[in-house]
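Just so it is clear: chains get the letters A, B, ... in the order the sequence lines come, proteins before strands, and each one is counted from 1.
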Number of protein chains: 2
Amino acid sequence: MIWVNIYDMKLLEDALKGSARALGRLISLVENESHGFLDILKYIYPLTGKAKIIGITGPPGVGKSTLVAQLAKIYCRKNHSIGILAVDPSSPISGGSLLGDRIRMAHLFPEKNIFIRSLSSRGTLGGISQATMNVARLLDAVGYDIIIIETVGVGQDEVEIINVADTAIVVLSSGFGDEIQALKAGIMEVADIFVINKADQPDTARYVSTIEKMIHQFSNKKSWMPPIVKTIALTNQGCEELIEKINEHTLFCKQNKTLIEEKRKKNILEIKRLIERKIREDIDLFFEKKHSLENLYNKAINEKKDPYSIADEALNAFWKSCKEKMEKAAK
Amino acid sequence: MIWVNIYDMKLLEDALKGSARALGRLISLVENESHGFLDILKYIYPLTGKAKIIGITGPPGVGKSTLVAQLAKIYCRKNHSIGILAVDPSSPISGGSLLGDRIRMAHLFPEKNIFIRSLSSRGTLGGISQATMNVARLLDAVGYDIIIIETVGVGQDEVEIINVADTAIVVLSSGFGDEIQALKAGIMEVADIFVINKADQPDTARYVSTIEKMIHQFSNKKSWMPPIVKTIALTNQGCEELIEKINEHTLFCKQNKTLIEEKRKKNILEIKRLIERKIREDIDLFFEKKHSLENLYNKAINEKKDPYSIADEALNAFWKSCKEKMEKAAK
């Protein structure tokens, strides 16, 4: 039996009835890992699993926002309801440029069945990709059947964020030749579809063949070879084809045993991360209260100890304190 | 008393005598977190603290490698011994393009007092920035007095890696206007010096004033305002001035109380990370042996449990198993 407090329960009921305001507040609770957020996630979990989650990343300036807007429009026309999460891992403070994009985009869509939200919760214990997953589940539970996760960049953070998606799309453009240097293995492994946007640029053909070579060199995907879709998002060219490729990939994932196994491994990894996160909370609590790391460090520095030995001692103190926890668990 | 096994002790002795081969093997041990690596780090710790650690990052193509080569040459001429660590967080597999750069660079420097090494240890439990710190300490201990950490990109990984350095340099170039979008808070906060390379490009002046504005907007540094140094690394222009700025920053750090306090906090954070890492090892060990997460997951899926509840149960099992550990610690 999962227990959710009355206040959150009211929010949940309203969000499930379609209140964007209630959904927004739930997302904040989950994003900020506020008290009781795990209960909310446990409660909504049985309602999830219906949405298609699409991840989109790429270097700044390739036209991701325009592409996302076009995809959203097309899905809208097909009577889907769309949740868009703009995730900005590099910006803990300002909320980043994405939020601005989003606000501008919101004006393009007065439609009720589009929900747009920025996430930039760097500070959360579970990490940004876990927070993204949690919020995507919320959107899924309240009935958004297409969820687009957009993030800027091709670093490890972005790889982890779009790895949350069922289909990961990397958007590139021939104007960003130097970016290829930075792509390398991580992003090549995670991409299910490549989009070459601004395909009306003169050197697009050469660029496409470079990416093709990289796919053959780096792609680690068993049996699914990431296709390259050329788009001009500004004029909607290639966007329908992209959606077809997404559908092909969805179908493929449902039938392919290797990918089902991969998904299972992803789920197990998530559980492991949740466990680590909980223990990290315990550690934080322990070192906040009785034995502050500050004191421990000052004492050790006076004795000229190295950080590795200080950590050993601190951990020992932590284990001692675990007696209570252990006895409770043993009951 | 710190105990190091005989084989590692021999490597340590050779490395301290100047054997690059022994040092290389020690670095591999530390990078891969092989058995006994923490003992090595404890052992060498008292020998560290003499080197100046310089971190250099920036988007690909701005000319970081050329700049690093010029700095190394100048420091060489001033009779310093230089260790260069090229850290590539995005590439767990290929070793990345940096290694190639490094190999090419090695030919430029037949001098004995330059040691060049690539790191790309994504998989390590302690994380890439801890691994970088550990290897930098090794270089410091064996006598390299200038350590340059170079990494490509401006993402969170790169921020954490150059945060290991005493002086963090962000290299930009006016050809990378779009990159400014991606810079944002993280990198602006960590940079001690900005370098605008390829300063002979026509729009450099405008670019410099853009960066100046960003520094004023985002910089979080107390009292130290990051200077901007214009360079043309290819012809060595501005490189001496950069070294002067690095020296100024070093001097400033030694005298400024806020920065001394920041450094202390960094050290405490490192200890916390080391503690978390150790517990993560324990968790891994636990779930490898008795209660594999695999089994736990399969069982829970049959019972239609959500991942958050599965994690709770798994953690409970883990705490139960901690009895032994706790009793040992209580002695």
Side-chain angles (χ1 to χ4, degrees), chain A residues 38 41-42 45-46 59-61 89-94 96-97 122 152-158 178-179 181-182 184-187 218 264 267-268 270-272 274-276 278-280 283 287 293-294 296-297 304 306-311 314-316 318-320 322-323 325-326 329-330, chain B residues 38 41-42 45-46 59-61 89-94 96-97 122 152-158 176 178-179 181-182 184-187 264 267-268 270-272 274-276 278-280 283 287 293-294 296-297 304 306-311 314-316 318-320 322-323 325-326 329-330:
Chain A
L38 278 172
L41 290 170
K42 284 177 191 173
Y45 190 79
S90 63
S91 176
I93 296 162
S94 64
S97 62
R122 256 252 137 242
V152 169
V154 288
Q156 192 55 34
D157 283 330
E158 289 81 9
D178 279 309
E179 290 295 336
Q181 266 197 57
K184 280 177 273 155
I187 204 78
F218 283 113
R264 224 174 60 87
N267 291 340
I268 293 176
E270 187 194 354
I271 295 169
K272 210 178 139 195
L274 286 167
I275 295 170
E276 288 173 358
K278 288 221 156 199
I279 293 201
R280 230 156 47 229
I283 294 176
F287 287 112
L293 271 185
E294 194 98 9
L296 213 67
Y297 175 75
K304 293 196 174 156
D306 63 89
Y308 314 98
S309 300
I310 302 176
L315 196 59
N316 237 23
F318 175 71
W319 285 125
K320 270 188 203 170
C322 290
K323 195 181 169 185
K325 191 157 234 117
M326 180 221 80
Chain B
L38 278 172
L41 290 169
K42 286 178 190 173
Y45 191 78
S90 63
S91 175
I93 294 163
S94 64
S97 62
R122 257 252 136 241
V152 169
V154 287
Q156 191 55 34
D157 283 329
E158 288 81 9
F176 293 78
D178 280 310
E179 290 295 335
Q181 265 198 58
K184 279 176 273 158
I187 205 80
R264 223 175 60 87
N267 291 340
I268 293 176
E270 187 195 353
I271 294 169
K272 210 178 139 196
L274 286 168
I275 295 171
E276 288 172 359
K278 286 220 159 202
I279 293 201
R280 229 156 47 230
I283 294 177
F287 287 112
L293 271 184
E294 192 97 11
L296 215 66
Y297 175 76
K304 291 194 177 158
D306 64 90
Y308 314 98
S309 301
I310 302 176
L315 196 59
N316 236 24
F318 174 71
W319 284 125
K320 269 190 206 170
C322 290
K323 196 181 169 186
K325 190 158 233 116
M326 182 222 78

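- For the options K278(A), E270(A), R264(A), heavy-atom pairs under 4.5 Å to chain B are most numerous at R264(A).
- Taking chain A as the reference chain and counting heavy-atom pairs below 4.5 Å, the highest number among I310(B), N267(B), L41(B) is found for L41(B).
- Rounding to the nearest 0.5 angstrom, the gap separating the CG atom in L315(A) from the CD1 atom in I283(A) is 7.0 Å.
- Both the backbone and the side chain of I271(A) have a heavy atom closer than 4.5 Å to some heavy atom of chain B.
- Contact record, L274(A) with P307(B): CD1-O, 3.7 Å, taken as the closest heavy-atom pair.
- One finds the CD1 atom of I279(A) at 13.0 Å from the CD1 atom of I275(B) (value rounded to the nearest 0.5 Å).
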